[in-house]
Number of protein chains: 2
Amino acid sequence: MSKSLLELTPVETVACSSPLMKQPLSSDAAERIAPLLKALADPVRLRLLSLVASHVDGEACVCDLNDAFDLSQPTISHHLKVLHEVGLLDRTKRGVWVYYSIKSEALADLGALIGGVAR
Amino acid sequence: MSKSLLELTPVETVACSSPLMKQPLSSDAAERIAPLLKALADPVRLRLLSLVASHVDGEACVCDLNDAFDLSQPTISHHLKVLHEVGLLDRTKRGVWVYYSIKSEALADLGALIGGVAR
DNA sequence: TGTCAACATAGACACATGTCGAAGTCTTTG
DNA sequence: CAAAGACTTCGACATGTGTCTATGTTGACA
């Protein structure tokens, strides 16, 4: 790990923070973790993530995801981008189709940070 | 539990949802859980919650919390209100002082929902 | 090469949110 | 009762966010 504490990604920050209840979060850590939670804090994105996560192999095609919502295709695309940029979803293109897959370690680390589970 | 599924509070919804990775979240559940995450998805509120949670007895006075931030007192009051309204913090008035305390079960349930820990 | 289908990007717009200063509500104490 | 202190509420303002339509881009296939 050659990165300084100041250039960690949100996911990396979560991965090396102790639970919220154990000790006060530093201002820097909070600034980096908040975007991750913000990405999660939307009903559509919550369902998207859950749909992808609970899908076979933890991945799903955009075309399938679109059908699950009453929203325009660009809107779904936008939400998937948000989840991808923050490091909660991976993106793979196979032919004409794009598959998003869950990064379960990131999700697990975030859960531990919030829930206070021993790490 | 006499409430119907449609009138659960965010915290109650979290408490009886299975992890994101196990099965797709219903639209209703997502709509009720998102506000809870939204309350958490702010650097200041993250630090506030962490400060309260890691404090002695899991409670802290507003006056102490104010000093930890470079923000106006009404702003801190606003953030505490958000965390209280969503059910993550409790409020007690003792004399002139107001103490906020952590509702750790809510936090634990939210962590489990995200992290996928068995419930 | 041209066309179609699957996604992504761009631009616009309404609405939500974080912040502040000013003013209001209680509670203690002189 | 008056005054001071600890918070909360209010109103205003700049910024951020979710959604849409329109337009690009890329890959498959005739």
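As a basis for the values below, the full set of heavy atoms in this structure was taken, side chains included, without hydrogen atoms, waters or symmetry mates. Order of the sequence lines sets the chain letters (A, B, ...), proteins ahead of strands, with each chain counted from 1.
Of the candidates D:dA22, D:dT8, D:dA28, the closest approach to any side-chain atom of A:Pro74 belongs to D:dA22. Of the candidate nucleotides D:dG18, D:dC7, D:dT8, D:dC7 has the atom nearest to the side chain of B:Trp97. When distances are taken from the side chain of A:Lys38 to each of D:dT19, D:dT17, D:dC7, the shortest belongs to D:dT17.
Using a 4.0 Å heavy-atom distance criterion, A:Leu80 is classed as making no nucleic acid contact. At the heavy-atom level, A:Asn66 lies nowhere under 4.0 Å from the strands shown. If you check every strand for non-hydrogen atoms under 4.0 Å, A:His79 touches sugar and phosphate atoms only. Residue contacts shown for A:Tyr100 are limited to sugar-phosphate atoms, with no base heavy atom under 4.0 Å away. At a threshold of 4.0 angstrom between heavy atoms, the contacts of A:Arg91 are confined to the sugar-phosphate backbone, with no base atom among them. As judged by a 4.0 angstrom heavy-atom cut-off over every strand, B:Arg94 is placed among residues making no nucleic acid contact.
Using a 4.0 Å cutoff to heavy atoms of chain B, the contacted part of DNA chain C runs 5' to 3' from C:dT17 to C:dT28.
A 4.5 Å side-chain heavy-atom check between B:Glu59 and B:His55 finds every atom pair outside the cut-off. Between B:Leu107 and B:Leu49, the closest side-chain pair of non-hydrogen atoms falls below 4.5 Å.
Rounding to whole angstrom units, NE2 of residue A:His78 and C1' of D:dT21 are separated by 15 Å.
Annotation: of the two residues near DNA chain D, A:Val96 and A:Val44, the 5′-most nearest-nucleotide partner is A:Val44.
Interatomic distance, CG of A:Leu71 versus CG of A:Leu48, reported as 9.0 Å (0.5 Å rounding). Here A:Ser50 contributes atom OG and B:Gln23 contributes atom CD; the two are 7.5 Å apart, rounded to the nearest 0.5 Å.
At least one donor-acceptor pair closer than 3.5 Å links the side chain of B:Arg45 to the backbone N or O of B:Lys38. Formation of a donor-acceptor pair under 3.5 Å by the B:Arg32 side chain with backbone atoms of B:Val11 is not found in this model.
For the residue pair A:Arg91 / A:His84, no side-chain donor-acceptor distance below 3.5 Å is found, with atom types taken as modelled.
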